[in-house]
*Asks:* 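Structure in structure tokens, see below.
Remember, it's a predicted structure, so these values are computed and weren't measured experimentally. The figures here come from the full heavy-atom set of this structure, side chains too, leaving out hydrogens, waters and symmetry mates.
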Amino acid sequence: MEKKKVALPLVCHGHSRPVVDLFYSPITPDGYFLISASKDSTPMLRNGETGDWIGTFEGHKGAVWSSCLDTNALRAASASADFSVKLWDALTGDELHSFEHKHIVRACAFSEDTHHLLTGGVEKILRIFDLNRLDAAPREVDNSPGSIRTVAWLHSDQTILSSCSDASGVRLWDLRSGKIVQTLETKSPVTSAEVSQDGRYITTSDGSTVKFWDSNHFELVKSYDMPCNVESASLEPKHGNKFIAGGEDMWVHVFDFHTGKELGCNKGHHGPIHCVRFAPGGESYASGSEDGTIRIWLTSPVSREKSDAVPGNAPNPKVKAVADEVTRKIKSSLHIGTA
């Protein structure tokens with residue numbers, strides 16, 4: 001009898017506390033990259049295809065709730081419980097600037113043109129920082145009904161969306177007027193909101209439901225009930241024919257976008273899943289968990305059997321000497337002077 005093929009993830013160790021956010025860069029001339037946010041206060045940058053550790057951004061003094069890369073993967077940003085959002089050089093790991101806030105910051109996102117950084121958090125204020133004038137006061141968009149949980153840009157940076165930790169729905173703001181132009185209604189607070197790579201859909205997760213919205217007309221396209229409460233969902237970017245969801249049952253579920261049928265279930269995490277994201281080419285996807293690990297799964301084949309862990313493929317971040325040596329070599333090759 002032929003043995004059924006089991007989906008084995010790449011397991012990325014390094015974080016010492018839960019992984020709460022994952023973000024893939026677009027495909028660049030140097031490949032694509034994955035940045036992770038963790039309650040251990042140190043965002044980590046990895047090769048998006050192999051999961052290999054590239055570097056750790058050190059400087060926050062509290063949990064990091066969100067992290068992202070700009071379109072070219074040259075700069076990173078991270079939002080933290082230390083009341084700051086930090087801007088980083090993604091090549092060297094150097095801190096470029098710290099944008100101070102008055103309370104915990106839960107979300108950050110670069111504009112598509114890379115000139116602006118959007119932030120939101122417990123203050124209930126959306127802030128837009130001009131990255132060409134780092135010391136300039138940000139534009140502020142307030143009237144959020146609750147503590148901001150997620151933020152994103154769409155419509156060529158003309159619209160921003162946000163969801164709240166303590167209020168249901170997703171609000172869409174027209175930046176020209178600074179007003180809410182639409183609210184996508186949900187029953188529970190939205191824990192994850194993703195704009196699809198082609199800009200057609202907004203994928204949201206609230207409670208035990210995953211919804212897909214038309215991002216131009218703001219109409220509900222699909223709504224599927226999940227087997228448990230899910231914290232995150234992501235739509236396959238290349239064909240748009242499947243999506244993934246992860247949550248409290250510790251499994252990464254794969255579903256057919258058109259029918260909602262479950263295609264597979266990947267097991268391996270030892271704690272609730274906080275974030276799932278597809279790689280930009282759709283060939284793999286990553287999950288981050290309360291167990292402190294990131295797992296990268298191949299989109300095909302999908303197995304229903306329990307997956308064993310592939311040995312960790314990332315160095316421990318405590319090997320600071322190695323990171324310093326890599327940074328020194330990068331700086332030397334790029335002729336970047338040390339401070």
Side-chain angles (χ1 to χ4, degrees), residues 12 21-37 42-59 64 66-79 85-99 107-119 127-136 138 150-161 175 194-200 234-235 237-238 275 277-286 294 296 323 326-337:
C12 307
D21 189 38
L22 293 170
F23 181 94
Y24 277 105
S25 77
I27 297 171
T28 76
D30 297 315
Y32 60 91
F33 303 90
L34 174 65
I35 190 170
S36 54
T42 53
M44 288 188 181
L45 184 67
R46 298 178 185 274
N47 179 303
E49 187 173 1
T50 65
D52 289 339
W53 176 82
I54 295 173
T56 299
F57 300 100
E58 298 182 345
V64 174
S66 174
S67 57
C68 58
L69 294 160
D70 70 9
T71 306
N72 305 308
L74 297 177
R75 291 174 299 180
S78 51
V85 171
K86 291 187 184 295
L87 180 68
W88 311 88
D89 184 318
L91 295 176
T92 66
D94 293 336
E95 182 181 319
L96 300 176
H97 196 76
S98 184
F99 300 104
C108 59
F110 285 100
S111 59
E112 186 181 348
D113 65 13
T114 75
H115 295 315
H116 296 91
L117 184 66
L118 171 64
T119 71
R127 289 185 173 87
I128 301 169
F129 293 90
D130 186 338
L131 298 181
N132 298 314
R133 298 186 302 144
L134 295 178
D135 293 320
T150 67
V151 298
W153 301 78
L154 65 162
H155 301 157
S156 300
D157 301 332
Q158 295 301 306
T159 308
I160 56 178
L161 67 79
L175 284 182
E194 174 192 73
V195 180
S196 64
Q197 195 167 278
D198 61 9
R200 290 177 60 195
S234 182
L235 179 64
K238 197 168 184 181
C275 44
R277 284 293 178 263
F278 265 103
E283 68 283 347
S284 63
Y285 49 91
I294 301 163
I296 298 176
V326 171
T327 300
R328 186 189 66 76
K329 287 180 179 178
I330 293 174
K331 287 183 177 180
S332 175
S333 66
L334 295 175
H335 307 293
I336 298 174

*Asks:* Do you know which two heavy atoms are closest between Ile296 and Cys12, and how far apart they sit?
*Replies:* CD1-SG, 4.1 Å

*Asks:* Quick check: closest heavy atoms across Pro237 and Phe278, and the distance to 0.1 Å?
*Replies:* CD-CB, 3.6 Å

*Asks:* Would the number of heavy atoms belonging to other residues, nucleotides or ligands and lying under 6.0 Å from CD of Glu95 be above 12?
*Replies:* yes

*Asks:* Just so I know, are the side chains of Met44 and Ile294 near enough to count as touching, which here means a heavy-atom distance under 4.5 Å?
*Replies:* no

*Asks:* Can you check whether Arg75 reaches Trp88 side chain to side chain, under 4.5 Å on heavy atoms?
*Replies:* no

*Asks:* What is the minimum heavy-atom distance between Thr28 and Asn72, and which atoms define it?
*Replies:* CG2-O, 3.8 Å

*Asks:* Is the shortest heavy-atom distance from the side chain of His116 to the side chain of Ile128 under 4.5 Å?
*Replies:* yes

*Asks:* Determine, step by step, whether Thr159 and Trp153 satisfy the side-chain hydrogen bond (donor to acceptor under 3.5 Å, both in side chains) criterion, reporting the C-alpha distance in whole Å, the side-chain angles of both residues, the deciding distance to 0.1 Å, and the verdict.
*Replies:* CA-CA 6 Å; Thr159 308; Trp153 301 78; over 6 Å; no

*Asks:* What's the spacing between Tyr24 OH and Gln197 CD if we round to 0.5 Å?
*Replies:* 12.5 Å

*Asks:* What's the verdict on side chain to side chain contact (heavy atoms under 4.5 Å, CB included) for His97 and Asp135, showing C-alpha distance, side-chain angles and the deciding distance?
*Replies:* CA-CA 9 Å; His97 196 76; Asp135 293 320; 3.2 Å; yes

*Asks:* Less than 4.5 Å apart, any side-chain heavy atom of Val151 and any of Leu161?
*Replies:* no

*Asks:* If we ignore hydrogens and angles and just use 3.5 Å, is the side chain of Asp70 paired with the main-chain N or O of Leu74 as donor and acceptor?
*Replies:* yes

*Asks:* How far does CD of Gln158 sit from OG of Ser111, to the nearest 0.5 angstrom?
*Replies:* 10.5 Å

*Asks:* Is the backbone of Thr42 close enough, under 3.5 Å, to the side chain of Glu58 for a donor and an acceptor to pair up by distance?
*Replies:* no

*Asks:* Quick check against the 3.5 Å criterion: does Ser196 have a side-chain atom that pairs as donor or acceptor with the backbone of Arg200?
*Replies:* yes

*Asks:* Which pair of heavy atoms, one from Asp157 and one from Asp113, lies closest together, and at what distance?
*Replies:* OD2-N, 3.1 Å

*Asks:* Taking all heavy atoms of Cys68 and all of Ala109, pick out the closest pair and write down the distance.
*Replies:* SG-CA, 3.9 Å

*Asks:* Run the salt-bridge test on Glu194 and Arg277 with the 4.0 Å N-O cut-off and return the result as yes or no.
*Replies:* yes

*Asks:* Just by distance, with hydrogens left out, do Lys86 and Ser78 show a side-chain donor and acceptor under 3.5 Å apart?
*Replies:* no

*Asks:* Would you sort out whether Leu87 and Leu131 count as a side chain to side chain contact (heavy atoms under 4.5 Å, CB included), showing the intermediate values?
*Replies:* CA-CA 9 Å; Leu87 180 68; Leu131 298 181; 4.1 Å; yes

*Asks:* Start with the C-alpha gap between Leu34 and Phe23, add the side-chain angles, then the distance that decides, and say whether side chain to side chain contact (heavy atoms under 4.5 Å, CB included) holds.
*Replies:* CA-CA 6 Å; Leu34 174 65; Phe23 181 94; 5.8 Å; no

*Asks:* Check whether any side-chain heavy atom of Asp21 lies under 4.5 Å from a side-chain heavy atom of Ile35, and answer yes or no.
*Replies:* no

*Asks:* Is a side-chain donor or acceptor of Ser25 paired with a backbone partner of Phe33 at a separation under 3.5 angstrom?
*Replies:* yes

*Asks:* Scan side-chain atoms only and decide if Thr92 and Asp94 contain a donor-acceptor pair under the 3.5 Å cut-off.
*Replies:* yes

*Asks:* Less than 4.5 Å apart, any side-chain heavy atom of Leu22 and any of Ser36?
*Replies:* yes

*Asks:* Nearest heavy-atom pair of Leu96 and Leu134: which atoms, and what distance?
*Replies:* O-CD1, 4.4 Å

*Asks:* List the steps and the verdict of side chain to side chain contact (heavy atoms under 4.5 Å, CB included) for Phe129 and Thr119.
*Replies:* CA-CA 8 Å; Phe129 293 90; Thr119 71; 3.6 Å; yes

